[in-house]
2 protein chains.
Amino acid sequence: MMQSKTISDIVIGRMPLYLRALQRMLNEQRQIASSQELGKRLGISAAQIRKDLSQFGEFGKQGTGYHIDYLVNKIQEILQVDRVWDVALVGAGDMGHALASYQGFNHRGFQIKLIFDNDPEKLGSYIGDYKVMDIADMNEEIHKAGIKIAMLAVPAAGAQEVANRLIKAGIKAVLNYAPVNLKVPVGVYVQYIDPAIHLQRMTYYLKSENDL
Amino acid sequence: MMQSKTISDIVIGRMPLYLRALQRMLNEQRQIASSQELGKRLGISAAQIRKDLSQFGEFGKQGTGYHIDYLVNKIQEILQVDRVWDVALVGAGDMGHALASYQGFNHRGFQIKLIFDNDPEKLGSYIGDYKVMDIADMNEEIHKAGIKIAMLAVPAAGAQEVANRLIKAGIKAVLNYAPVNLKVPVGVYVQYIDPAIHLQRMTYYLKSENDL
DNA sequence: TAGATTGTTAATCGATTAACAATC
DNA sequence: TAGATTGTTAATCGATTAACAATC
């Protein structure tokens, strides 16, 4: 099966932003949005939004704009979040706890189903409804559950090793909170979250003019 | 004061990645790195790395590569993380707790100095060494401390309002964990962290070929 | 000297924007 | 019909890559 046209990752990266903004508008009882309005909310040009969406189909109406609920459905289909993905969480430290209790996954296509750690003190304890399991059982449990997505919230030193084992267990997408670049085979996707990296990206612009 | 040459944000965005990888190499007792090796670690082309670095100066030696400690110092200067920035944290929920106890800021240029929340139950309690203060006192406290950077870990509904107040208090850079786009004036910088967005960006690629 | 790698230029590639016919 | 906004094409803009002289 071949994709008729490859869509660039930069476009894919904007789709979740469109989705989030549109869902917010739905909450505000809005029915219709124009590319212009959506663009204004997101700080993205209207032309860009129309171009991006047009890669996937014709979702709007000339003279009117986009029906929000229809477009939300379409983007959910495109991103395959018109279903709920089970997710494995590795690392039951502070960040792991925060992720496990995060309410934001609920209506956005994800639910944590398995939690692992290697600290004997933590094993068997509960985070929310889920028991912290031994990392040694990870391969078996992930396979059994058929889980494809993992969040990695372990210390930097062990991250690559844990990632390797996750991939062996069938994981295809990793959200990595450890401050290291992971080497992964093709067909496995990684996204990185490192607050220090994000902060360092802003300090460059904090020139003295702003310090007055 | 004018910058002789404007450097694109996409280049700025890669500098913290170079820094992190180089610091890691320092930890591994490495002294010298070539653009090729660094590129391999990061999945970035060697030409790109040389081009990026050359925007800021000539940091390498032909035939040899880059002295890691020298380059680390230079990038720290460029990003202005050759100092420690005080940071205010707003929101003492699970994510706030995780950020407050995160060890990763330590040697990367940041330390949390003030923590705010609006929940009367939390006010006065301690997270690590810091007392949770009333959001009502935010303006005064941030001004007094001269803090320019904030991390925003409050629910979506209140985020824009809190951001407005942070900006009034003199904040110039916001690391936003709330799942909303913030409207901010020019001269204020925002970075976004939303785990659901990152996950949604990967599910697109999780096509059925991978589900076998 | 021979080998390696930088810094930089020119060529390529890709993304964004502007503009407008189509049409609701 | 008049006004508005899409989807799309062509033009512009910017980023990446390839290649190589300079030089350690």
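Model, not experiment: these values are computed from the prediction. Quick note on labels: first sequence line is chain A, next is B, and so on, each numbered from 1.
Proximity of a side-chain donor or acceptor of A:Q191 to a complementary backbone N or O of A:Y189 within less than 3.5 Å is not detected. Side-chain atoms of A:H97 do not come within 3.5 Å of backbone N or O of A:I127 as any donor-acceptor pair. In this structure a side-chain-to-backbone donor-acceptor pair under 3.5 Å is present from A:W85 to A:Q80. Of the possible donor and acceptor atoms, one in the side chain of A:Y192 sits under 3.5 Å from a partner among the backbone N and O of A:L182.
Which of C:dG7, D:dT17, D:dG7 sits closest to the side chain of A:E58 comes down to D:dG7. Closest to the side chain of A:Y66, out of C:dT16, D:dT6, D:dT16, is D:dT6. Side-chain proximity of B:S45 to the nucleotides D:dG7, D:dT17, D:dA10 is greatest for D:dT17. Side-chain proximity of B:K51 to the nucleotides D:dT8, D:dT16, C:dT16 is greatest for D:dT16. Of the candidates C:dG7, C:dT16, C:dT5, C:dT16 carries the atom nearest the A:R14 side chain, counting heavy atoms from C-beta on.
Side-chain contact check for A:K148 versus A:I171: every heavy-atom pair is 4.5 Å or farther apart. Here the side chains of A:I135 and A:R165 are in contact, with some heavy-atom distance below 4.5 Å.
Note that the CE atom of A:M151 and the CG atom of B:L199 stand 6.5 Å from one another [nearest 0.5 Å]. B:S35 contributes atom OG, which lies 14.0 Å from atom NZ of B:K51 (distance to the nearest 0.5 angstrom).
The phosphate of C:dT6 has OP1 or OP2 within less than 4.0 Å of a side-chain N or O from B:S35. Between A:S8 and the phosphate of C:dA15, there is a side-chain N or O to OP1/OP2 separation shorter than 4.0 Å.
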### Query
Just by protein heavy atoms under 4.0 Å, how would nucleotides 19-24 of chain D read 5' to 3' in B, S and -?
B--BBB
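If you measure from atom CD of A:Q36 to atom C1' of D:dG3, you get 14 Å, rounded to the nearest angstrom. Between the P atom of D:dA4 and the CD1 atom of A:I32 lies a distance of 15 Å, rounded to the nearest Å. Atom CD in A:Q48 sits about 16 Å away from atom P in D:dC13, given to the nearest Å.
Along DNA chain C, the nucleotide nearest A:D52 and the nucleotide nearest B:G60 are compared for position; the residue whose nucleotide lies closer to the 5' end is B:G60.
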### Task
Could you give me the CA-CA distance, side-chain angles and deciding distance for B:V81 and B:R108, then say whether side-chain contact (heavy atoms from CB on, under 4.5 Å) is met?
CA-CA 7 Å; B:V81 289; B:R108 298 173 72 190; over 6 Å; no
### Query
Could you write out DNA chain C as a dot-bracket string, with dots for unpaired bases, | for bases paired across to another strand, and Watson-Crick or G-U pairs counted at under 3.5 Å?
..||||||||||||||||||||||
